[in-house]
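None of these values were measured; they are calculated from a predicted model. Both backbone and side-chain heavy atoms feed into the values below; hydrogens, waters and symmetry mates do not.
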Amino acid sequence: GEDLNLEDDNDNDEGAVMTYKIRRSFLYRCIVTSALGSLLLGYDLGIISGALIPIEDDLNLSHVQVEFMTSSILFTSILGSLMAGGIADLFGRKKGLLAAASIFCAGSIGMACSMSFAVLITWRCITGLAVGMGLVICPIFSAELAPRRERGSLTSFNELFINVGIPLAYLVGLLLRGQPHDWRWMLASGSVPAIFLFVMTCFLPESPSWLLKHGRDTEANLIVNQLVDPSETDEVRSRAVKQTIKEMKRDMYTQKSMASWEEMFYSKENQEAMFIGLSFAGFQQLIGLDSLVFYSVYTLTNYGVDETTALQVTLAMGLLKLGFTILTVMIVDDAKIGRRIPVLIGGTFNVIAMAIMAGATFFPHSLTTEAFLIFGILLFVSAFGFGYGPMCWLILAEIFQGPFRSKGLSLGSVTNRLCSFLVVSTYLSFINALGYGPTFTLYTFICVAALIFSYTYLPDLTGKVMGVKNARETDETCIGVGKENSREKSEKSRRKLRENSEKSRRKAEKKRPSLGCGCAVEALRLLWGGLRACEISQEQAAGCA
């Protein structure tokens, strides 16, 4: 076990700090098992990259069909993400993971047995449902179980396992390449990690936060009790469990039900989190990472790189992305580094790398331009692995308050997958219509926009309670705001949450425009509300400094 400081909120012992040891074996078994759900996405990303060329040759596909086949899994992952929040809230995090593993296993075998393009697309769409569910449920479980001081590194395990799945799939693809029916064996191999996830999840406990939300306090206490090292005294164990349960209840405002979809969009309490979370989730994919991962071999061979070198570069991409993600996981909970610094450093190098790729491909192919292109690709995936990659899911898991978290992560995952689908489904068309240079130049400008947004609006919730509003109200570093006053404000906010949400919804209904322009007006309203909320938070932060 390892010592963890925990502040006791007992009214008779205000401000006392206790230390207890975490039962590492139990904690890491739970976090690693849940993160295996994210590995499924990484595995599909890697395995389809190696299988594209033999699938194209065997089924005689056009480049448009290749584009559609590759991106179809991303489109249905959006539906999976939408379903995941409701499934996780209604049936629990554990049953949600079991469902995702079962669907992915069936989809992998179905793809491998496909005899036509239409059947292959159908099974890839089914597999996408599991991918979307895993992307939402895994970070929810990790964030709810992880101790606050280590929430960043443990929640980042989800991105880490995506990056474990990518080089693992690349390696499997290299071993199977050239064998009879190689692409079928490649796709079928995805059932192996899915079966492993299913078996391991059977031994996983339910999230204590979910149990508390459904009135099952006794079971939640038993699970939290397992997080405390057996060497601790009964008194320390009791205080640690009591405080952890109290933090979980404070996180969800002691409410038994989650926020409705109307409250997600109309509640003033949630506007800032919605604006920042969904925007950041979209930018993570719009900068073009998935186009390089899915089409790495295509991009390099079509530009003039030989296929052997292209496969080696692809494997190097996976290993570098994994290595820099591990580095971020190791440092993300350091109070001096936090969430913003990796995002800003990684975002800066993403701009530089994409500019190098654009510059190299404006010139005819040569050994020099080939070297610059490969260097730019490797630098880009390394920077992504250090910044936007692991930080996106951590920020989405942290930024929403308790009642909004599951649906907020669902919306964030939908936005992320929708932008990924947009990029992957248009990449080859852009290359054929514009060429490599103009396409990479477009991505460079998007990288600049993502960096400016991150610098301007992204909060840092390192070591704070989850929820950007909660963290601001209970920020212990804010000089001049006493602890007692902060608690009173937080309690007042909780009491008025539902009331404000209902008033906002009714007001919006009265002013709701006609169906023809409703979506556009709602989008502008959300954008303005988020911008205004961010401005208010910056003014409050300046006042506390």
TODO: Look up atom CE in M133 and atom CG in L40, then write down how far apart they are to the nearest 0.5 Å.
DONE: 11.0 Å
Open item on the list: Using only atom types and a distance under 3.5 Å, with no angle test, would you say the side chain of S77 pairs donor to acceptor with the backbone of L129?
Closed with: no
TODO: Please confirm whether the backbone N or O of L211 pairs with a side-chain atom of R216, one donor and one acceptor, at under 3.5 Å?
DONE: no
TODO: Taking the side chain as every heavy atom from C-beta outward, state whether I431 and N302 have any pair of such atoms under 4.5 Å apart.
DONE: no
Open item on the list: Are I55 and L120 packed together at the side-chain level, in the sense that at least one heavy-atom pair is separated by less than 4.5 angstrom?
Closed with: yes
- [ ] Using distance alone, with no hydrogens and no angle criterion, decide if Y298 and E56 have a side-chain donor and acceptor under 3.5 Å apart.
- [x] yes
Open item on the list: Quick check: do C125 and F75 have side-chain heavy atoms less than 4.5 Å from each other?
Closed with: no
Task: Y388 versus L451, closest heavy-atom pair with distance - done: OH-N, 3.4 Å
Open item on the list: Below 30° counts as parallel, above 60° as perpendicular, anything between as tilted: where do the rings of Y443 and Y427 land?
Closed with: parallel
- [ ] Kindly indicate, with the supporting measurements, whether the criterion side-chain contact (heavy atoms from CB on, under 4.5 Å) is fulfilled by L422 and L286.
- [x] CA-CA 8 Å; L422 178 65; L286 289 175; 4.2 Å; yes
Task: Over all atoms of both residues, closest heavy-atom pair of P390 and G385 - done: CD-O, 3.1 Å
Task: Distance, nearest 0.5 Å, that separates CG of L311 from OG1 of T301 - done: 9.0 Å
Open item on the list: I'd like to know if the side chain of T33 and the backbone of T201 have a donor-acceptor N/O pair within less than 3.5 Å.
Closed with: no
Open item on the list: Suppose we screen for side-chain contact (heavy atoms from CB on, under 4.5 Å). Which residues come up paired with V172, at least two apart in sequence or across chains?
Closed with: Y43, I47, L176, S189
TODO: For the pair E144 and R93, find out whether any cationic side-chain nitrogen is under 4.0 Å from an anionic carboxylate oxygen.
DONE: yes
Task: L292 CG to K321 NZ distance, which is reported to the nearest 0.5 Å - done: 11.0 Å
TODO: Write down the atom of A84, the atom of I137, and the distance for their closest heavy-atom approach.
DONE: CB-CG1, 4.1 Å
Task: Centroid-centroid under 6.0 Å between H214 and W210 rings - done: yes
Open item on the list: If you compare all heavy atoms of L319 against all heavy atoms of P167, which two are closest, and at what distance to 0.1 Å?
Closed with: CD2-CB, 4.0 Å
TODO: List the steps, then state whether salt bridge (charged side-chain N to carboxylate O under 4.0 Å, His left out) holds for R124 with D44.
DONE: CA-CA 10 Å; R124 276 193 68 75; D44 183 80; 3.4 Å; yes
Open item on the list: Working note: S49 + F294, criterion side-chain contact (heavy atoms from CB on, under 4.5 Å); need CA distance, chi angles, decisive distance, verdict.
Closed with: CA-CA 5 Å; S49 177; F294 275 114; 5.9 Å; no
TODO: Could you give me the CA-CA distance, side-chain angles and deciding distance for F283 and F453, then say whether ring pair (Phe, Tyr, Trp, His ring centres under 6.0 Å) is met?
DONE: CA-CA 9 Å; F283 273 126; F453 172 85; 5.6 Å; yes
Open item on the list: Between N416 (side chain only) and A281 (backbone N and O only), is there a donor and an acceptor less than 3.5 Å apart?
Closed with: yes
Open item on the list: Evaluate Y457 against F275 for ring pair (Phe, Tyr, Trp, His ring centres under 6.0 Å), listing each step before the verdict.
Closed with: CA-CA 9 Å; Y457 295 113; F275 170 70; 5.3 Å; yes
Open item on the list: Quick one, F141 and L204 - any side-chain contact, counting heavy atoms below 4.5 Å?
Closed with: yes
- [ ] Using a 4.5 Å cut-off on heavy atoms from C-beta on, say whether the side chain of L278 contacts that of L411.
- [x] yes
Task: Closest heavy-atom pair and its distance - V119, S114 - done: CG1-OG, 3.5 Å
TODO: Check whether any side-chain N or O of S279 sits under 3.5 Å from a backbone N or O of I276 as a donor-acceptor pair, and report yes or no.
DONE: no
Task: Minimal non-hydrogen separation, G134 against P139, with atom names - done: O-CD, 4.0 Å
Task: N/O donor-acceptor pair under 3.5 Å between K94 side chain and C202 backbone - done: yes
Open item on the list: Quick one about T299 and Y436 (side-chain donor to acceptor, distance below 3.5 Å, no hydrogens or angles considered), yes or no?
Closed with: no
Open item on the list: Can you tell me how far apart CG (L41) and CG (N163) are? Round to the nearest 0.5 Å.
Closed with: 9.5 Å
Task: Check: Q65 main-chain N/O paired with S62 side-chain donor or acceptor under 3.5 Å - done: yes
TODO: Given side-chain contact (heavy atoms from CB on, under 4.5 Å), test V423 with C419 step by step and report yes or no.
DONE: CA-CA 6 Å; V423 168; C419 292; 5.6 Å; no
Open item on the list: Check the orientation of F117 and F68. Use parallel for under 30°, tilted for 30 to 60°, and perpendicular for over 60°.
Closed with: tilted
Task: I377 vs F380 side-chain heavy atoms within contact, under 4.5 Å - done: no
- [ ] Could you grab the distance from atom CD1 of I162 to atom CG of L45, nearest 0.5 Å is fine?
- [x] 7.5 Å
Task: Non-hydrogen side-chain atoms of F196 and V192 separated by less than 4.5 Å - done: no
Open item on the list: Keeping S72 on the side-chain end and M69 on the backbone end, is there a donor-acceptor pair under 3.5 Å?
Closed with: yes
- [ ] Using the side-chain contact (heavy atoms from CB on, under 4.5 Å) rule, take S429 and E67 through it: C-alpha gap first, then chi angles, then the decisive distance, then the call.
- [x] CA-CA 8 Å; S429 298; E67 208 170 45; 3.0 Å; yes
TODO: Measure from the side-chain N and O atoms of T309 to the backbone N and O of V305, and report whether any donor-acceptor pair falls under 3.5 Å.
DONE: no
Open item on the list: Within the structure provided, determine whether I287 and M354 are in side-chain contact (heavy-atom separation under 4.5 Å).
Closed with: no
Side chains of residues 101-111: which donor-acceptor partners sit under 3.5 Å, not counting sequence neighbours?
unit_1: S102; atom_1: OG; unit_2: L98; atom_2: O; d: 2.9
unit_1: S108; atom_1: OG; unit_2: F104; atom_2: O; d: 2.9

